[in-house]
Enquirer: 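Have a look at this one.
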Number of protein chains: 2
Amino acid sequence: MTQHSSTTEQRPYHHGDLHSAIVGAALAVLSESQNTEFSLRELARRAGVSHNAPYKHFADKRELLAAVSAVGFELLAKQMTDATKDLDSPHERLAAIARAYVCGGVNNPALYRLMFGGYLTGQDDGRPPIERTAAEDMKALLVEAISNGALGRPIPNTTENTREIDGAILTFWSQMHGLTLLLVDRLVGPSEKMAELTESLLQGMLDGLANCIPAIPAGVWVGPPLAK
Amino acid sequence: MTQHSSTTEQRPYHHGDLHSAIVGAALAVLSESQNTEFSLRELARRAGVSHNAPYKHFADKRELLAAVSAVGFELLAKQMTDATKDLDSPHERLAAIARAYVCGGVNNPALYRLMFGGYLTGQDDGRPPIERTAAEDMKALLVEAISNGALGRPIPNTTENTREIDGAILTFWSQMHGLTLLLVDRLVGPSEKMAELTESLLQGMLDGLANCIPAIPAGVWVGPPLAK
DNA sequence: AAAAAATGTTGACATGCGCAACATGAGAAT
DNA sequence: ATTCTCATGTTGCGCATGTCAACATTTTTT
């Protein structure tokens, strides 16, 4: 007779949606502790299940972290689309994307690091497909803003422009990615100035790109690795 | 009488320089496995000492990793100074710095991630002082190249130029940092094209900076956090 | 030479990962 | 409806790790 609470309330043997519960707990712990080194057992405890229940949903810790990372990508993609929702000017849209991107990272460093920190990259195969999707959504947003004239002039999204567009995206992305991580690692700061910094760098970048968009060398991809 | 080998050879009770041996082993394991999740015990095994010997040199795993990271910063700084050794033109010097930086990261992703991945950032205090030093060496290199005219015109390293110079450095650093990590995470690639990509981005960046250097907002630092 | 400090070793404990065997309950097959 | 089956949850285990405490061996100081 396992009766924990004083009331007659009794948790059913089956949780109902343990998968989400575990991922949710992981997100919570991650954002509290800002540390990837929590234990699966801790998550199980939080979800109120036994220490091994999670293994019915995730082969191992790595797989759980991959799921968490995927949610992170979804969140980030959503923040970016939300931020552009009410904007028309391509320039404004691009700026909003930049802000949302950096902001997303700075507001939850541990999650951002999990997403981009190569907990997954290191080993064998590739990243979970959901990450590809989010990355592609994000890329689509950028392509749209750029081809609509965010760099001062429209650049139609045609084949002969791909290398130019990819060059612009790479410039943008690596600049924002770098800024985010430097902020997160407190190698520049303070991060309260995030918005201003983003603005400055973005502005400088746009001025630069307006004059000269670096063309991507042949054979280079921008975005998640091509499916084989 | 603990005699392990068949010969009369006997390792002395004291290792001699276990500190370096452990750090060395860590660097080796790190670059083999590309994974920060090796165990202290494994390092001890490699160094041929008992599983607890490392604790006489490092308070805990974190401290060991900090030491490894510090070596990483020294290596990177050295690669950059070496790369500029025989160059005079400020522009060439800057390009060489960029190549060396990205190359250093791509050639040992796990080390680079350890250095910048905030294994240290997360917790309480700051990073070990040696990292500050290396970061400042690197910054000095950049300041020198920039003030000598890497952006097309000399910008004397005076107080009224600090915000401009810091702006340029932030642009440069975050761009290279971002590119490095995107390459490392295989979100752009392939990394064999590293050199060309670096060149393209750098060129675009320089053109941009030549026209308009983003000024750093007041109250922002670039480089490791100011000592309190 | 004796005392103190540094460095290595052994053993122990708590915690975590992940396996295997078992328990429980929900839905399919009859 | 009853039974079978399978997904899901539980308990208990083996093994590895981080780290502490107690002890051993050198080296350094005094």
Side-chain angles (χ1 to χ4, degrees), chain A residues 1-5 9-26 28-30 32-33 35-68 110 114 119-120 122-124, chain B residues 1-5 8-26 28-30 32-33 35-69 110 114 119-120 122-124:
Chain A
M1 178 140 303
T2 35
Q3 197 72 24
H4 296 118
S5 75
E9 171 220 346
Q10 174 143 6
R11 248 178 300 121
Y13 192 88
H14 285 290
H15 178 286
D17 191 1
L18 189 53
H19 188 101
S20 318
I22 295 287
V23 172
V29 175
L30 195 58
E32 286 164 23
S33 71
N35 190 336
T36 328
E37 279 168 0
F38 51 79
S39 64
L40 272 199
R41 284 160 123 97
E42 163 75 14
L43 303 184
R45 254 168 258 140
R46 292 211 180 198
V49 293
S50 83
H51 68 98
N52 247 358
Y55 283 88
K56 300 293 166 172
H57 299 270
F58 307 96
D60 52 19
K61 190 176 176 180
R62 190 182 156 74
E63 197 169 296
L64 178 265
L65 288 179
V68 174
L114 172 61
Y119 195 92
L120 316 161
Q123 319 291 22
D124 32 16
Chain B
M1 183 132 302
T2 35
Q3 197 73 22
H4 295 118
S5 77
T8 326
E9 172 222 343
Q10 172 143 6
R11 245 177 304 109
Y13 191 88
H14 278 52
H15 177 285
D17 192 3
L18 189 54
H19 187 101
S20 318
I22 294 288
V23 173
V29 175
L30 195 57
E32 286 164 23
S33 70
N35 190 338
T36 326
E37 280 170 359
F38 51 80
S39 66
L40 272 200
R41 285 159 119 102
E42 163 76 13
L43 302 185
R45 253 168 260 140
R46 292 212 178 197
V49 292
S50 83
H51 66 102
N52 247 354
Y55 282 87
K56 300 294 164 169
H57 299 270
F58 307 96
D60 53 19
K61 190 175 177 181
R62 189 184 155 74
E63 199 169 295
L64 177 265
L65 288 179
V68 174
S69 163
L114 173 61
Y119 194 93
L120 316 161
Q123 318 292 24
D124 32 18

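Here the structure is a predicted model, which means the values were calculated and not measured.
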Enquirer: Using the side-chain heavy atoms of A:K61, tell me which of these nucleotides is nearest: D:dG18, D:dG9, C:dG18.
Expert: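 My answer, after comparing the listed nucleotides, is C:dG18.
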Enquirer: Rounded off to whole Å, could you give me the CG-to-P distance for the B:D60 and D:dG18 pair?
Expert: 11 Å
Enquirer: Under the side-chain contact (heavy atoms from CB on, under 4.5 Å) rule, collect the residues that match up with A:F38, sequence neighbours excluded.
Expert: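 Once residues adjacent in sequence are excluded, the partners of A:F38 under the side-chain contact (heavy atoms from CB on, under 4.5 Å) criterion are A:A26, A:V29, A:L30, A:L43, A:L64, A:L65.
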Enquirer: Please state how far atom CG in A:L43 lies from atom C1' in C:dG16, giving the value in whole angstrom units.
Expert: 12 Å
Enquirer: Separation of A:L18 atom CG from C:dG25 atom P, in whole Å?
Expert: 16 Å
Enquirer: So, using ring pair (Phe, Tyr, Trp, His ring centres under 6.0 Å) as the criterion, who are the partners of B:F58 when residues are at least two apart?
Expert: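 With sequence neighbours excluded, B:F58 shows a ring pair (Phe, Tyr, Trp, His ring centres under 6.0 Å) to B:H19, given in chain and number order.
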Enquirer: Can you tell me how far apart NZ (A:K61) and CD (B:E37) are? Round to the nearest 0.5 Å.
Expert: 6.5 Å
Enquirer: Please report the distance, rounded to the nearest Å, between CD1 in A:I22 and P in C:dG18.
Expert: 14 Å
Enquirer: Would you mind telling me which of C:dA21, D:dA22, C:dC17 lies closest to the side-chain atoms of A:K56?
Expert: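 Nearest nucleotide to the side chain: C:dA21.
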Enquirer: What is the separation between atom OH on A:Y55 and atom P on C:dG18, rounded to the nearest whole Å?
Expert: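 To the nearest whole Å, that distance equals 4 Å.
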Enquirer: Could you measure the distance from the CD1 atom of A:I22 to the NE2 atom of A:H57? Nearest 0.5 Å is fine.
Expert: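 Rounded to the nearest 0.5 Å, the CD1-NE2 separation comes to 7.5 Å.
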Enquirer: List in chain and number order the residues that pass side-chain hydrogen bond (donor to acceptor under 3.5 Å, both in side chains) with A:H51, two or more places apart in sequence or in another chain; answer none if no residue qualifies.
Expert: A:R41
Enquirer: Grab the CZ-P distance between B:F58 and C:dG8 for me, whole Å please.
Expert: 11 Å
Enquirer: Taking side-chain hydrogen bond (donor to acceptor under 3.5 Å, both in side chains) as the definition, give me every residue that meets it alongside B:S20, ordered by chain and number, with sequence neighbours left out.
Expert: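 For B:S20 the side-chain hydrogen bond (donor to acceptor under 3.5 Å, both in side chains) partners, ignoring immediate neighbours, are B:D17.
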Enquirer: Could you state the CD-C1' distance from A:E63 to C:dG18, rounded to the nearest angstrom?
Expert: 13 Å
Enquirer: Between C:dT15 atom P and A:E42 atom CD, what is the distance in whole Å?
Expert: 12 Å
Enquirer: For A:R46, check side-chain hydrogen bond (donor to acceptor under 3.5 Å, both in side chains) against everything at least two apart and list the hits.
Expert: A:E32, A:E42
Enquirer: Please write out each protein N/O paired with an N/O of nucleotides 13-16 of chain D under 3.5 Å, distance rounded to 0.1 Å.
Expert:
none

Enquirer: Among C:dT10, D:dT8, D:dT11, which nucleotide has an atom closest to any side-chain atom of A:S50?
Expert: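 Shortest atom-to-atom distance from the side chain points to D:dT11.
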